[in-house]
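Atoms within a ligand are numbered from 1 in the order they appear, just like the ligands themselves. Treat the numbers as computed from the prediction; the structure is a model and nothing was measured.
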Amino acid sequence: MSEKHKIFITRPIPDNGIEMLEQHFKVKVRKKDSPISRDELSGAISQHDAVLTILTDRVDGELLDQNPNLKIVSNFAVGTDNIDINACTERGVKVGNTPEVLTTSTAECVFAHLFGLTKRLIEGDEIMRKGKYKGWGPMYMLGVELKGKTLGIVGAGRIGSEAARMAYKGFGMNIIYTDRGGNKELEQELSAKQVGFDDMLEQADFISIHVPLTRETRHMFSDNEFKKMKNSAFIINTARGPIIDEQALADALENKEIAGAGLDVFEDEPEINPGLKKMDNVTMTPHTGSATWEARSAMAKVAAQNIIGTLIEGEEPVSILNP
Ligand code: GLV
């Protein structure tokens, strides 16, 4: 019976996940390595029992209505803001995601930006490549150290906690955090202190964002928040772009209200606010937080297993958000 299930994958993913699915199902992988159009996705949903999506594929009630027999949308990401989970639940469609396996990669991405900013890597690289280096100088290209500085973690879930761990254990940073609940483990392990949001803005030397994008977190950082931060503080975003009001960030940097920003995600990807591109105290990566061979092949495995576990009796999915 399960052999008959048809699976659609919207974009090439690592082979290990595809091979897992092919052992059980008829699998169609869209070959183009570019975002699928809404029309094409709608057509695919109408003809398949499960769809493996990536984070730029928007799935809503109207698309789901193309196929009353759709069983699962398995998202190749931990974040699921691209999927209307309520609409899925109302229609009996499961939603899978890929937590845990990308935690290390994304937390390491935070440090790529922290060091990029504090060691002025982008500026330095450009100086070297353009032949502008005229020799060592006592006051030349000074940055700041991480040791002893305070890192504010916004959202002490899996990735936020791992970034905090790396900061405390690896680089001797002090940790403060905000979280809707609390994280006692983090407090014991890292002497981390839970603080109110405004206190974090005022106290942190570095702020790293680790909350999901929701109605409440959209533009969580805007003019007022940047004004409350230290002028010497840096902000890092490896979560979702719209959590930061990008124009407000560009203005805050222009007005020297904060010292710099490290961004892996953008408000209107793949577009980038032109103001940010001009700043040499901004490091940018193209949403590659989870882009390691280790994380991506593990994500393929989890995304595949979420489908297998949903469609085959006796198999268990890894992570279904609306079980
Ligand atoms: C990446 O941004 C993810 O949510 O997995």
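- There is no side-chain donor-acceptor pair under 3.5 Å between Asn75 and Thr80.
- The residues Glu189 and Arg165 are annotated as salt-bridged, a charged nitrogen and a carboxylate oxygen being separated by less than 4.0 angstrom.
- For Ser297 and Asn16, the side-chain atoms include no donor-acceptor pair closer than 3.5 Å.
- Of the residues Arg180, Arg240, Met220, the one that meets the side chain to side chain contact (heavy atoms under 4.5 Å, CB included) test with Val211 is Met220.
- Judged by distance alone, with hydrogens and angles left aside, the side-chain atoms of Thr285 form no donor-acceptor pair with the main-chain N or O of His287 at under 3.5 Å.
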Criterion ring pair (Phe, Tyr, Trp, His ring centres under 6.0 Å) on Phe171 and Phe115, from CA distance to verdict: CA-CA 11 Å; Phe171 305 108; Phe115 282 114; 5.1 Å; yes

Taking a 3.5 Å cut-off between nitrogen or oxygen atoms, can you list every pair linking ligand 1 to the protein, with distances?
unit_1: ligand 1; atom_1: 2 (O); unit_2: Arg240; atom_2: NH1; d: 2.7
unit_1: ligand 1; atom_1: 2 (O); unit_2: His287; atom_2: NE2; d: 2.7
unit_1: ligand 1; atom_1: 4 (O); unit_2: Val78; atom_2: N; d: 3.4
unit_1: ligand 1; atom_1: 4 (O); unit_2: Gly79; atom_2: N; d: 2.9
unit_1: ligand 1; atom_1: 4 (O); unit_2: Arg240; atom_2: NH1; d: 3.4
unit_1: ligand 1; atom_1: 4 (O); unit_2: Arg240; atom_2: NH2; d: 2.7
unit_1: ligand 1; atom_1: 5 (O); unit_2: Val78; atom_2: N; d: 2.8

